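Letters A, B, ... mirror the listed sequences (proteins, then strands); counts begin at 1. None of the values given here were measured: they were computed from a predicted structure.
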Amino acid sequence: MTDYNKPARVRFAPSPTGHMHLGGARTALYNYLFARRTGGKFILRIEDTDQKRYVPEAEQEILDGLNWLGLELDEGPGVGGDYGPYRQTERREAYREHAQLLVDKGYAFPCFCTPERLARVREEQQRKKENPHYDGTCRKLGPDEAARRAANGEKYVIRFKVPKDGSTTAHDLLRGDIVIENRNVDDYVILKSDGLPTYHLAAMVDDHLMQITHVIRGLEWQSTFPLHVMIIRAFGWEEPVWVHLSVFRKPEGKGKMSKRDTSEAAKGDHSIFIKDLKELGYIPEGILNWIALMGWGVPEDDVMTLDQMVERFELDKLTASPAAINFQKLDHFNGTHIRLLPDPELAARIKPFFVEAGYSVKDDVLIKIVPLIRERLVTLDDCIPFAGFFFKDVVEPNPDELIAKGLDAKRSAAIARKTYEILSALPDLTHQTTEPPMRAYVEQSGLSANQVFGILRVATTGQKVSPPLFESVEIIGKEKSLERLKKAIEILEGM
RNA sequence: GCCCCCAUCGUCUAGUGGCCCAGGACGAAGCCCUCUCAAGGCUUAAACUGGAGUUCGAAUCUCCAUGGGGGCACCA
């Protein structure tokens, strides 16, 4: 049973090879939640041992992503901590030493096989419908010969020497014991010929040195999980608790979500990349709540802030089965959390979207429109179509839309004139002063509120759909509202 | 092909042998509210993959089948 009173040390260990995506964010989130829940530490480690796939901007994007999401780090690159450095390329000596230690103890061996030969062997095995695996050539090399060839300048890697017989039992918190026959585990390379380790060695060494207590990682590691356990046992170290998270499936429910599959994932108004989601107007609260619940279920009250998730989080309640991404649900959570934001906060969040769209934002106006549009926003950038007109000098209504439903241009013009008459007679246009006389007009004219208000709406806001009419007119102001009404009358009369 | 894992409404999930003719959420449908669009309230439809066991009793345990997923690199 998981002890939530014992501070855990957990890590999020991405490789800087591309954009931060939903899967990574969820792994980070679960690690964060568990760290906070136990009063432990949330650590970031950059796994940059593959120089071929290295993307320089990726590390910053990860940092930005975590920061934006609000997953605060306790240790990591740029943050510091007692177990650094937190970038694997800065720890190569540790890996080299540990690889040598395994060789000395007989748990690993140098391998001089060329990639070309290995490729041929693999081809041959596949042709014979055999399981592709290392054929063991250098396993039998004596230490003297190995030393001689190495001294000769021959390139070599170090492979883990997996026992030929027996089986290995590895324990996953969510799945229980996983038993695998050792003959099904390959002699994996743990140190590459460039002197850098592969994941298998690097992660195990670091997790041990960094005193990681719980390894919460993606399912892609499940197949090499027994290998990792063997490595740890070879060193004689204590094992962390292992948790392999399910993968995200594509919205169609088929296949794994892939960050390479951008055309599929990033189309439309959604994306699997955190930085895209930010630009699309999604807020951290919404995203976090959404991904938290893909792989973790709560009985009820599923709308949660980060802090509430921390309170409720239970590691062993995570789900072992894969989850299909459902962007509709993201929209729901995003809208829900937007509605939970206090006025000034929401104002601050939508402001950049107005600015980005080219509007000059007046803060006093901004704070007034927030209550009007809050429950209409699914994403922050929805504020543009809903409330852009508040910051426009002139609006240009579509003439056809000025004509009320069931009426013609002439009739609509008459209504607009009457509306102008009513409004211009008022000292100022607050929603309290404008609504009663307009309602009275609707009443005695026999028209519907829809028809009369519709004309006013299109005239003053320039659009058929808008925030509540009289509140909007109030914010637009008397002068500008009447000006716009007048222009609408002219348009209608010219039809 | 081989190894490993998973399996409750369309989707995310609750459920750890009786509380389940299976609960919540998204989505869908309907109604209410209503100046548009939303939000909100109420209601409805919708699932234990199949087959064998174990048991007085199974969504819950076991086995098999089927389906789905992950992996099979000097990538992580």
* **Span that lies between the P atom of B:G23 and that of B:C6, in whole angstrom** => 26 Å
* Flag the pair A:His21 / A:Phe248 as yes when at least one side-chain heavy-atom distance between them is below 4.5 Å, and no otherwise. => no
* Asked: In whole angstrom, what separates A:Ile190's CD1 from B:C74's P?
  -> 13 Å
* Candidate nucleotides B:U36, B:C35, B:C4, ranked by approach to the side chain of A:Ile180 - the nearest -> B:C4
* Asked: Say you pick atom C1' in B:A47 and the same atom in B:A59; how far apart are they, in whole Å?
  -> 10 Å
* Listed nucleotide nearest any side-chain atom of A:Glu375, set B:G1, B:A76, B:A38 -> B:A38
* A:Arg233 and A:Glu239 ion-paired at < 4.0 Å -> yes
* Answer yes or no: are there more than 12 heavy-atom neighbours, outside A:Glu443 itself, under 6.0 Å from its atom CD? => no
* Asked: Taking atom C1' of B:G1 as reference, at what distance in whole Å does atom CD of A:Glu124 sit?
  -> 16 Å
* Less than 4.0 Å between a side-chain N and a carboxylate O, is that true for A:Lys368 and A:Glu474? -> no
* Integer-rounded Å distance: B:C74 P and A:Asp50 CG -> 12 Å
* Got more than 12 heavy atoms from elsewhere within 6.0 Å of CD, A:Glu90? -> yes
* Provide the distance between the two P atoms, one in B:G10 and one in B:A45, to the nearest whole Å. => 15 Å
* **A:Leu469 side-chain proximity, nearest of B:C6, B:A76, B:C35** => B:C35
* To do: Can you figure out which of B:G70, B:A76, B:G1 approaches the side chain of A:Val247 most closely?
  => B:G70
* Quick one: do A:Arg349 and A:Glu285 make a salt bridge, cutoff under 4.0 Å? -> yes
* Pick base, sugar-phosphate or nothing for A:Pro468, based on heavy-atom distances below 4.0 Å to the nucleic acid. => base
* Checking all strands, does A:Val189 fall into the base, sugar-phosphate, or nothing category for heavy-atom contacts under 4.0 angstrom? -> sugar-phosphate
* Checking all strands, does A:Lys52 fall into the base, sugar-phosphate, or nothing category for heavy-atom contacts under 4.0 angstrom? -> sugar-phosphate
* Asked: Within 45° of the ring axis of A:Phe112 and under 6.0 Å from its six-membered ring centre, is that where the NZ or CZ of A:Arg149 lies?
  -> yes
* According to a strict under-4.0 Å criterion, is A:Arg339 in side-chain N/O contact with OP1 or OP2 of B:G40? -> yes
* **B:U60 pairs with, by Watson-Crick or G-U criteria that keep both distances under 3.5 Å** => none
* Roughly how many Å is it from CG in A:Asn334 to P in B:A39, rounded to a whole number? -> 13 Å
* To do: May I ask you to check whether A:Asn182 and A:Ser167 show a side-chain donor-acceptor distance below 3.5 Å?
  => no
* Any A:Arg374 side-chain nitrogen or oxygen under 4.0 Å from OP1 or OP2 of B:A39 -> no
* Pairing partner of B:C42 (Watson-Crick or G-U wobble, both distances under 3.5 Å) -> B:G30
* Pairwise P distance for B:U8 and B:C2, with rounding to whole Å -> 26 Å
* Asked: A:Phe333 has an atom CZ; how far is it from atom C1' of B:A25, in whole Å?
  -> 6 Å
* Could you check which nucleotide pairs with B:C2 in any of the strands shown, counting Watson-Crick or G-U wobble with both distances under 3.5 Å? => B:G71
* How is A:Pro14 classified with respect to the nucleic acid when contacts are heavy atoms under 4.0 Å: base, sugar-phosphate, or nothing? -> nothing
Pick out the pairs of N or O atoms, protein on one side and nucleotides 8-14 of chain B on the other, that lie under 3.5 Å.
residue, atom, partner, partner atom, Å
B:C12, OP1, A:Ala324, N, 3.0
B:C12, O2', A:Leu293, O, 2.4
B:C12, O2, A:Lys329, NZ, 3.1
B:U13, OP1, A:Gly295, N, 2.7

* Asked: Separation of A:His244 atom NE2 from B:G69 atom C1', in whole Å?
  -> 15 Å
* **Electrostatic pair A:Asp343-A:Arg374, nearest N-O below 4.0 angstrom** => yes
* B:G57 versus B:A76 - spacing of their C1' atoms, nearest Å -> 49 Å
* **Nearest to side-chain heavy atoms of A:Ser15, which nucleotide of B:A76, B:A38, B:G24** => B:A76
* Where the side chain of A:Gln222 is defined as all heavy atoms beyond and including C-beta, which of B:G23, B:U36, B:C4 is the nearest nucleotide? -> B:C4
* Reckon A:Pro16 touches a base, only the sugar-phosphate, or nothing at all at heavy-atom distances under 4.0 Å? -> nothing
* Just checking A:Ile178: base, sugar-phosphate only, or nothing, at a heavy-atom cut-off of under 4.0 Å? -> sugar-phosphate
* Select base, sugar-phosphate, or nothing to describe what A:Arg175 touches, counting heavy atoms under 4.0 Å on all strands. => sugar-phosphate
* Asked: If you measure from the P atom in B:A22 to the same atom in B:C3, how many Å do you get, rounded?
  -> 40 Å
* Asked: Think A:Arg45 forms a cation-pi with A:Phe12, using NZ or CZ under 6.0 Å from the six-ring centre and within 45 degrees of its axis?
  -> no
* Counting side-chain heavy atoms from CB outward, which of B:C74, B:U36, B:G1 is closest to A:Pro132? -> B:G1
* Could you state the atom-to-atom distance from CZ of A:Arg53 to C1' of B:A73 in whole Å? => 11 Å
* Asked: Touch check for A:Ser193, heavy atoms < 4.0 angstrom, all strands: base, sugar-phosphate only, or nothing?
  -> base
* To do: Verify the contact: side-chain N or O of A:Lys192 to OP1 or OP2 of B:C75, cut-off strictly under 4.0 Å; return yes or no.
  => yes
* **Whichever of A:Asn131 and A:Gln126 has its nearest RNA chain B nucleotide further upstream toward 5'** => A:Asn131
* Does A:Thr49 make a side-chain N or O approach to OP1 or OP2 of B:A76 shorter than 4.0 Å? -> yes
* To do: Look through every strand shown and name the nucleotide pairing with B:U11 as Watson-Crick or G-U wobble, where both distances are under 3.5 Å.
  => B:A25
* With RNA chain B as reference, determine whether A:Asn450 or A:Glu130 sits nearer its 5' end, using the nearest nucleotide of each. => A:Glu130
* Asked: Roughly how far apart, to the nearest Å, are B:U60 and B:A14 at atom P?
  -> 16 Å
* Asked: What integer distance in Å separates A:Asp172:CG from B:G70:C1'?
  -> 13 Å
* Salt bridge check: are A:Asp382 and A:Arg376 linked by an N-O gap of less than 4.0 Å? -> no
* Asked: When rounded to the nearest Å, what value does the distance between P atoms of B:G15 and B:U54 take?
  -> 29 Å
